[in-house]
**Q** 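Below you will find the structure I want to go over with you.
Each chain gets a letter, A, B and so on, in the order its sequence line appears, and its residues count up from 1.
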2 protein chains.
Amino acid sequence: MTETLKEYLKHYDATEYPSVLVTVDTVLLTYHEDAIKVLLVKRASHPDIDHWGLPGGFLDQSKDKSLEDAANRNIEAKTNIRPPYLEQIQTVGSGNRDPRGWSMSVIFSALVPIAACKANVDSVEEARWFDMDEARKLKLAFDHKQAIEAAFERHKQKALYSFIPVYALTQPMTLTELRRVHELLIGKTIQRKSFIRRAEASDMFTDTGKTTQDKGRPAALYKVKSAVKDYRFVRNIEA
Amino acid sequence: MTETLKEYLKHYDATEYPSVLVTVDTVLLTYHEDAIKVLLVKRASHPDIDHWGLPGGFLDQSKDKSLEDAANRNIEAKTNIRPPYLEQIQTVGSGNRDPRGWSMSVIFSALVPIAACKANVDSVEEARWFDMDEARKLKLAFDHKQAIEAAFERHKQKALYSFIPVYALTQPMTLTELRRVHELLIGKTIQRKSFIRRAEASDMFTDTGKTTQDKGRPAALYKVKSAVKDYRFVRNIEA
DNA sequence: CTAATAGTGTCTATTAGACATTATTGT
DNA sequence: ACAATAATGTCTAATAGACACTATTAG
């Protein structure tokens, strides 16, 4: 006797199975004042109350059609913007990472221009941008420390063969600023000439014609050409 | 008034929240008879009953300490081996991918030597190795088609800058076989000389001293040196 | 002028691709 | 010997690193 899907669903009861706690958390990175910064939020509730942790929270089945939706919802709650770059990093789960039960977290990482969200972040009492150096010294909630490292490592790899890190900058930007972001991610200096050659080869940027005004020779200001997110170099920067 | 974690947990009831269905599924790949093969399982139950799909299933909180545990458990059930290479690919989730409710799947991908599990797979009625070409033509359960493509794409990228694909081979293996795996993943031929140069540079393989015996000149048989999983080339194969 | 920063010229080193050549087996 | 396959020799092209040099601003 074959049962139809309809009959099967009539008798199916999801609450029979022990539930899993599902959270979606995001490692939000930006560049400001010669440093890579990560957004942390002070937890207002148990567990790990009063510890700094990643912005995020439980999946909301009524609001979230997908995992990306959940990530964007939580990001917008803190920054009021939708990030120009969002990527899934990894999913962690275990029976003992949360005292409430078997818990998993889908970790995303986003790059945002700080100018677009600084005011909003400053207005949210419990959210703050930390220098990566500082963040690394803190005791964070759950396994969020490890999540930040995984996200950082991913962006480091991308810095070696792409210009994805540009999304951490406020446009228009100079190639020196962009190079600096790459240097901070990779952890070593990059030859100016090499970097400019790659920028030209990628054909990802347009010269706005404007320049910076500061001490020294003015720098050209560039914007990312629209619809170019994924240029990959065959040859990496040597890390 | 501050509530302690203990008090908080006393009143916390996980069943208050709508549960999410969590499955862990694995894209198992191997190399056999000049083709990349993927392991598919015929579903014995609703939904998508009788469709081919990925090996996997619901997270079992009593058996699985982590998501990797769940992946390994399901892989071992079909192949009777623990794969030499296992990697998390992505997690998908939405309210409408499964008629039973909001559902998510943590997708892993593993590479296995076919010799170690062929007999076991053959003994399991509902499991079969499919050529990638065949698998691409099938109508698969859930969004497993997309999961296979994501895994394949990941392995393709790795084939460009590493020798990770070696784990799809039964050792000892020849460099010609390994090159063929890379070619199938990348979708184009690779210069024999270039490939051998890279193999030498990686220092990942030891010559067993043995050779193949077939028509033509015998090929040297190699093994992977233990504890070398992550050599990365600065310069990619040009795809 | 000098200091500071942006941007270029040009050489070297590395390495992937191309492809001809040599080596080693079975029949 | 010939066919088949493995492995090497060697040239070229592409491109990242190094670093000296030039350019353009502020003061």
**Q** Quick check on DNA chain D: between B:E238 and B:A220, whose nearest nucleotide comes earlier from the 5' end?
**A** B:A220
**Q** Hey, where on DNA chain D does chain A first and last touch, going 5' to 3'? Cut-off is any atom under 4.0 Å from a heavy atom.
**A** D:dT15 to D:dA26
**Q** When you measure from the side chain of B:R235, which nucleotide among C:dT5, C:dA23, C:dA16 comes out closest?
**A** C:dA16
**Q** State whether the distance check finds a donor on one side and an acceptor on the other, under 3.5 Å, for side chain B:R197 versus base C:dG17.
**A** yes
**Q** Regarding C:dG17, can its base be found pairing with the side chain of B:K193 as donor and acceptor, where the two atoms are less than 3.5 Å apart?
**A** no
**Q** Is B:R128 close enough and on-axis enough to B:F130, meaning under 6.0 Å and within 45°, for cation-pi?
**A** yes
**Q** Does the structure place the NZ or CZ of B:R198 under 6.0 Å from the centre of the six-membered ring of B:F233, at an angle of no more than 45° from the ring's axis?
**A** yes
**Q** Regarding A:E149 and A:R136, does a basic nitrogen lie under 4.0 Å from an acidic carboxylate oxygen?
**A** yes
**Q** Please work out which residues in residues 176-185 of chain B have a non-hydrogen atom less than 4.0 Å from an atom of DNA chain D and list them by number.
**A** B:T176
**Q** Give the minimum heavy-atom separation between B:T30 and B:P113, together with the two atoms involved.
**A** OG1-C, 3.9 Å
**Q** Which residues within residues 205-216 of chain A lie with some heavy atom under 4.0 Å of an atom in DNA chain C?
**A** A:K215, A:G216
**Q** Determine whether a donor-acceptor pair (one donor, one acceptor, N or O, separation below 3.5 Å) exists between the side chain of A:R192 and the base of C:dG7.
**A** yes
